[in-house]
Each structure stands twice: as structure tokens, then as C-alpha cells.
Amino acid sequence: MRPGAIALVTGANRGIGLETARQLALRGAVVLLGSRDAGRGADAARALERDGVRGVTPVAVDVTDTGSVAALAARLRREHGRLDVLVNNAGVFAGAAAADTGADLVRGLLDVNVAGAVAMIHALLPLLARSPAPRIVNVSSTTASFGLTVSGAELPGDASVRLAYTASKAALNMLTVQYGLAFREDPGLKHVKINSASPGWTATAMNGFRAPRTVQEGARSLVALATLPDDGPSGGFFDEHGALAW
Ligand code: NAP
């Protein structure tokens, strides 16, 4: 990553997003810490500053609110004129058994986990295109892997309640593939790299802090994909150890 790269992380007021913001700032990025609640974002940025982390600015963005996304894009255009890194980290989980999963629960997850990522990419692609080395990271999950799921691999977490969540992250993975193919064909976008990252099962509010991995470990694959060199991959799905089966 070039020094002074402009990096935006959504849902960065806590959890894996906050740790990703910290690690990118420590690598010299100018970090925009996205939070849907301005107060929570400001608190998180202050906590990083207290820890000696410089270069982090809180920005309000609710990925389900088109007006909020457009306002952030306008601010970025005005203040920076480009964007180098977009980490689509904002996400929600809602657990329910298959038989108890209704359409409204699914709609809620798709709105944030899928449409939210599209909203961010749609609004910010013109600014990413102006970067010499743009990187987009879609934060997915190993549990969204068709390959691992149908092969019967043991995946972390409670398999009985994740029908809707895994479907939303599998849809996000297909977005990564489709954007990757589209960018490759577009002379104005072929320098944009986009990948899906799996943090692994990480202790955050999303799972009541019940998971074994720390946020430092969870952020590794996000940071690696956000800082890929020019010969790095695009259109792939990775955890910190390498490529994952779709
Ligand atoms: P988390 O602590 O619950 O953080 C989720 C973040 O997303 C919060 O900052 C939350 O904001 C934000 N968010 C939710 N809806 C939003 C919206 N509409 N607009 C903007 N921000 C929104 O959970 P996490 O574990 O760090 O999750 C980060 C990402 O990793 C998610 O995409 C998650 O699916 C993925 N992931 C997590 C694990 C794991 O084991 N933890 C595993 C695989 C993938 P509020 O604080 O305002 O709610």
C-alpha cells in the first residue's frame, strides 16, 4: 500500500472493522472509520487516538441508506478526490433455524450484507478508479463456501441457525466474482482489485464474543487483501492462509 493511501472501512466502530482501521492506519493509510452512528464512530476514533494511532477520521455511513452513502461519496470527492481502499466490512447476523427463517429476516440480511456492499461500490467506484492501485475487500465468511459446505467440512459456529446469513455471504461472494470479471474487461477499471475475505470465527459482538479468534487475527485477511501488491489476485476468496473453495 502506498503511504498516505485513503482507506474507508464500513462498520468500523467496533469488532473486526475497528481492528482493520487500526492496522491500516498503523501501515500509514489515511483511514476513514465508517460508522452508521456518528457518536459511536467518534468514540472509536478517539479510542484509537488514545492508543497512539494517528490518521483516523470518523465518517458517518449507513450502508442501507442511499442518501447517507451519497453524502459520504460527495465528501470524499471534495476532501480527497479519490479512494484507494474500500473495505465492505459492515455486516449483520440473524440466527434462525431453517423452518423458522422467514422472508423478512432474509431481506434484512441481504439489505446490509449484499445491497449495502453494492451501494458502496456503486457510489465510490468513480473515486476508486482515480486511484493508481484501488483495492476493494468484501468481508465474507468461510461458512458461505459452497465447496466446504457440501463436502461436509466442519465449519465453526452453530450450523443450525445460519441459513440466511450464509446465503447472504454467498451472494456477496458472487458479487466479488462478477465485479472481478467486469473490471477486467473495462479499460477504465482493470486496475481495480476486488476480493472476498474470510476473517475466521472471531470473538465480536456478532457472536457474543464466543469465538476463539481475536480481532487481530480476524483482521489479517482483510488487511492483506486491502494492501495487495499490483501483481496480487482479483476476483478471489481468501482467508489468511490462502484461497478458499467457493
Ligand atoms: P460486529 O462487531 O457486530 O460489527 C459489525 C459492524 O457492522 C458494526 O460496526 C455495525 O454497526 C456495522 N453495521 C451493521 N449494519 C450496518 C449498516 N447498515 N451500515 C453501516 N454499518 C453497519 O461484527 P464483526 O464480527 O466485527 O463483523 C464484521 C464483518 O465480519 C461482518 O461483515 C461479518 O459478517 C463478518 N464476519 C464475522 C465473523 C466473526 O466470527 N465475527 C466471521 C465471518 C465474517 P453498529 O455497531 O452500529 O451495529
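Read the numbers this way: they start at 1 and go in the same order the structure lists the ligands and their atoms.
- Side-chain contact between Phe237 and Thr176 is absent, with no heavy atoms from C-beta onward closer than 4.5 Å.
- Remark: ligand 1 atoms within the under-4.0 Å shell around heavy atoms of Gly11 are 6 (C), 7 (O), 8 (C), 9 (O), 12 (C), 21 (N).
- The nearest heavy-atom contact from the protein to atom 27 (O) of ligand 1 is Met206 CE, 3.8 Å.
- For the residue pair Ser196 / Ser140, no side-chain donor-acceptor distance below 3.5 Å is found, with atom types taken as modelled.
- Under a cut-off of 6.0 angstrom, the local environment of CZ in Arg210 is sparse, with at most 12 non-hydrogen atoms contributed by other residues, nucleotides or ligands.
- For Thr202, the heavy-atom gap to ligand 1 drops under 4.0 angstrom.
- Of the candidates Phe209, Tyr165, Trp201, Tyr165 brings a heavy atom nearest to atom 36 (N) of ligand 1.
- Side-chain N/O atoms of Thr204 and Thr202 include no donor and acceptor closer than 3.5 Å.
- Counting only heavy atoms of the protein, atom 18 (N) of ligand 1 lies nearest to Asp62 OD1, 2.9 Å.
- Residue Ser140 has at least one heavy-atom neighbour below 4.0 Å for each of these atoms of ligand 1: 43 (C), 44 (C).
- At least one donor-acceptor pair under 3.5 Å links the side chain of Thr10 to the backbone N or O of Ala90.
- At least one N or O atom of Arg36 sits closer than 3.5 Å to an N or O atom of ligand 1.
- Using a 4.0 Å cut-off between charged nitrogen and carboxylate oxygen, Glu49 and Arg46 do not count as a salt-bridge pair.
- The backbone N or O of Tyr165 lies less than 3.5 Å from a partner atom in the side chain of Ser168, making a donor-acceptor pair.
- At the top of the distance list for atom 21 (N) of ligand 1, counting protein heavy atoms only, stands Ala90 CB, 3.4 Å.
- Interface atoms of ligand 1 facing Thr64, defined by a heavy-atom separation under 4.0 Å, are 18 (N).
- Geometrically, ligand 1 and Val63 share a nitrogen or oxygen pair separated by less than 3.5 Å.
- Between the side chains of Asp239 and Ser198, no donor-acceptor pair of N or O atoms lies under 3.5 Å.
- At least one N or O atom of Ile16, backbone or side chain, sits closer than 3.5 Å to an N or O atom of ligand 1.
- Comment: Glu19 does not engage Arg14 in a salt bridge, judged by the lack of any side-chain N to carboxylate O separation of less than 4.0 angstrom.
- Of the charged side-chain nitrogens involved, none lies within less than 4.0 Å of a carboxylate oxygen, so that Asp43 and Arg40 do not count as a salt-bridged pair.
- Lys169 counts as a contact of ligand 1, since one of its heavy atoms falls under 4.0 Å from the ligand.
- Between Asn138 and the choices Asn89, Asn88, Asn113, the side-chain hydrogen bond (donor to acceptor under 3.5 Å, both in side chains) rule is met once, by Asn88.
- Look at Arg22 and Asp51 and you find a salt bridge, because one of the NZ, NE, NH1 or NH2 atoms lies within 4.0 Å of a carboxylate O, short of that distance.
- Between Val92 and ligand 1, a contact under 3.5 Å exists for no N or O pair.
- Under a 4.0 Å criterion applied to the non-hydrogen atoms of Asn207, ligand 1 contributes the atoms 39 (C), 40 (O), 41 (N).
- Side-chain contact annotation: Asp37 with Ser35, donor-acceptor N/O pair under 3.5 Å absent.
- Counting heavy atoms closer than 4.0 Å to ligand 1, residue Ser35 contributes nothing at all.
- Ligand-side atoms of ligand 1 in range of Val61: 19 (N), 20 (C), range being under 4.0 angstrom from any heavy atom.
- For ligand 1, the polar-atom distance check against Asn13 finds a nitrogen or oxygen pair separated by under 3.5 Å.
- Residue contacts with ligand 1 leave out Thr10, since none of its heavy atoms falls under 4.0 Å from the ligand.
- The distance from ligand 1 to the heavy atoms of Gly15 drops below 4.0 Å at these ligand atoms: 2 (O), 26 (O).
- Closest to atom 5 (C) of ligand 1 among all protein heavy atoms lies Gly91 O, 3.6 Å.
- With hydrogens and angles ignored, the 3.5 Å screen pairs no side-chain donor or acceptor of His191 with any backbone N or O of Pro132.
- Nearest protein neighbour of atom 24 (P) of ligand 1, counting heavy atoms only, is Thr204 OG1, 3.5 Å.
- With a 4.0 Å heavy-atom cut-off, ligand 1 is reached by no atom of Arg213.
- Of the protein's non-hydrogen atoms, the one nearest atom 2 (O) of ligand 1 is Arg14 NE, 3.0 Å.
- When the options Gly200, Ser141, Gly218, Gly17 are ranked by their closest heavy atom to atom 38 (C) of ligand 1, first place goes to Gly200.
- Looking at Phe93 and Lys169, their side chains never come closer than 4.5 Å, going by heavy atoms from C-beta outward.
- Contact analysis puts Pro199 in contact with ligand 1, with a non-hydrogen atom separation below 4.0 angstrom.
- Closest heavy-atom approach to atom 31 (C) of ligand 1 within the set Asn89, Val139, Asp111, Val87: this belongs to Asn89.
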